[in-house]
Amino acid sequence: MIEYENLGRANASFMNEYRTAFDKVLESGWFILGEEVKSFESEFAAYCGTSECVGVANGLDALFLSLKAFGFKHGSEVLVPSNTYIATILAIVNAGLVPVPIEPDIHTYTIDPSKIEDRITSRTVAVMIVHLYGKMCDMDPIASICRSRGLKLIEDCAQAHGAAYRERRAGTFGEINAFSFYPTKNLGCLGDGGAVTTNDPELAARVRSLGNYGSRVRYQNEVPGINSRLDEVQAAFLRVKLRRLDEINAHKRSLAAVYRSGIGEGYIVPVVQEGFFDIHHVFNIRHPQRDRIKMYLLERGIKTDIHYPVSPNRQPAMKGIFDAPCPISEEIHATTLSLPISFCHTEEDIGVVCEALRDFSHRKGME
Ligand SMILES: Cc1ncc(COP(=O)(O)O)c(C=O)c1O
């Protein structure tokens, strides 16, 4: 059996260091906003290349608090890719703002910059982009539109820890940027966690305050905030993993290379573009017979996943909120299949998946 993911095995080589890190927190007796969170924040800011990082409870809160930090007027519009995990859109809705869908580029699966300008209105305040699957959006045209139209840029980097565009890492392009450390992410902790990165100390201070009951000084609440803090124990685990994030990304890139050379004919594989450093949080293929391939692989003992089976605009929760037809997004959701590509997999595992996919193509050719 080749699993899609096995978090026990993916974390096995970190276990001794996790135990030491946990013991240190336990013995310190300090469990909320202590030295581990502080150290992780400065280490992750340095890794990304920003001056500031603020830990929060999860990726959804990182997006939500990023939006709240700007103090946008209720009902303002935020442009967002139509194909993303629903959290990106929920953060906008939960912040009292209106999500406006922008269709993706069918080849890269990320927001199509040529479609942004047409959707800007007098109510548009920001563009929230998503580096889906660990591939950066095309940042030059996006940043240029935001600059010339006076819009705030926010990156959803939940799937892009360490991904880069022209040598510049995810989390450094927007005024403020959001990360998730959900366990399956390339930089995942052992529970929930999230962070924002920015070069603006005032925005960072606002997120810190909003995530701590709207308080900058203890027991003085300047704005109505929430409780969203990165846990001290998770920060300790994240510090261990961050030291090997480049190794994790390199491993996934090497598995992606095996797929590219061995997958055979008939599958649409992720595009490779000059100047883009993809970290393959997900390695997806596309095929009109996606569901048949998924079953075929399962019969051969190979588990896959789908990111995501339902386009956000077709989710019941989005009815009346974000339900305009998005044909490109819907086409991607109907045909995409995520293949195993975890830190727990070996190149031999990927070779087995490739062989099964080649067999499927061969059989199909004979039908
Ligand atoms: C693109 C994207 N944005 C936001 C999130 C939300 O992160 P979290 O689950 O930590 O709240 C995720 C997590 O799956 C994601 O994939």
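For reference, positions follow the sequence shown, starting with 1. Each ligand, and each atom within it, is numbered from 1 in the order the structure gives.
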**Asked** Quick one: which ligand 1 atoms are inside 4.0 Å of a heavy atom on Leu63?
**Response** 4 (C)
**Ser180, Gly193, Ala57: member with heavy atom nearest to atom 10 (O) of ligand 1** = Ser180
**Request:** Report yes or no: do Glu103 and Ser82 form a side-chain donor-acceptor pair below 3.5 Å?
**Result:** yes
**Message:** Exactly one of Glu36, Glu232, Glu17 should register a salt bridge (Lys or Arg N to Asp or Glu O under 4.0 Å) with Lys24. Which one does?
**Reply:** Glu36
**Prompt:** At what distance is the nearest protein heavy atom to atom 5 (C) of ligand 1, and which residue and atom is it?
**Reply:** Ala87 CB, 3.6 Å
**Message:** Is it the case that ligand 1 has an N or O less than 3.5 angstrom from some N or O of Thr84?
**Reply:** no
**Request:** Please state which part of Asp61 comes within less than 4.0 Å of ligand 1, counting heavy atoms only: side chain, backbone, both or neither.
**Result:** neither
**Prompt:** Where the side chain of Glu52 meets the backbone of Ala45, is there a donor-acceptor pair that is under 3.5 Å apart?
**Reply:** no
**Item:** Numbered atoms and elements of ligand 1 in range of Gln159, under 4.0 angstrom, heavy atoms
**Value:** 1 (C), 16 (O)
**Prompt:** For ligand 1, is there an N or O atom under 3.5 Å from any N or O atom of Asp156?
**Reply:** yes
**Message:** Under a 3.5 Å cutoff, is there a donor and acceptor pairing between the side chains of Glu265 and Ser361?
**Reply:** no
**Message:** For the backbone of Val282 and the side chain of Ser338, can you confirm whether one donor and one acceptor N or O come within less than 3.5 Å of each other?
**Reply:** no
**Prompt:** Is the closest heavy-atom distance from Lys185 to ligand 1 below 4.0 Å?
**Reply:** yes
**Request:** Indicate whether the side chain of Tyr47 and that of Asp246 have a donor and an acceptor atom separated by less than 3.5 Å.
**Result:** yes
**Request:** Examine Leu60 against ligand 1 and note whether any of their N/O atoms are separated by less than 3.5 Å.
**Result:** yes
**Request:** Could you tell me whether some N/O pair between Gly59 and ligand 1 is separated by less than 3.5 angstrom?
**Result:** yes
**Item:** Per-atom contacts, ligand 1 versus Val130 - under 4.0 Å to a heavy atom
**Value:** 1 (C)
**Request:** Please confirm whether Leu132 comes under 4.0 Å of ligand 1, counting heavy atoms of the residue only.
**Result:** no
**Request:** Consider ligand 1: state whether an atom of it lies below 4.0 angstrom from any non-hydrogen atom of Tyr308.
**Result:** yes
**Asked** Just by distance, with hydrogens left out, do Ser180 and Lys185 show a side-chain donor and acceptor under 3.5 Å apart?
**Response** no
**Prompt:** Just by modelled atom types, is the Lys68 backbone N or O under 3.5 Å from a matching donor or acceptor in the Arg206 side chain?
**Reply:** no
**Item:** atom 15 (C) of ligand 1: the protein heavy-atom neighbour that sits closest, reported with distance to 0.1 Å
**Value:** Ala158 CB, 3.5 Å
**Message:** I need the minimum non-hydrogen distance between His131 and Cys157, along with the two atoms involved.
**Reply:** CD2-SG, 4.1 Å
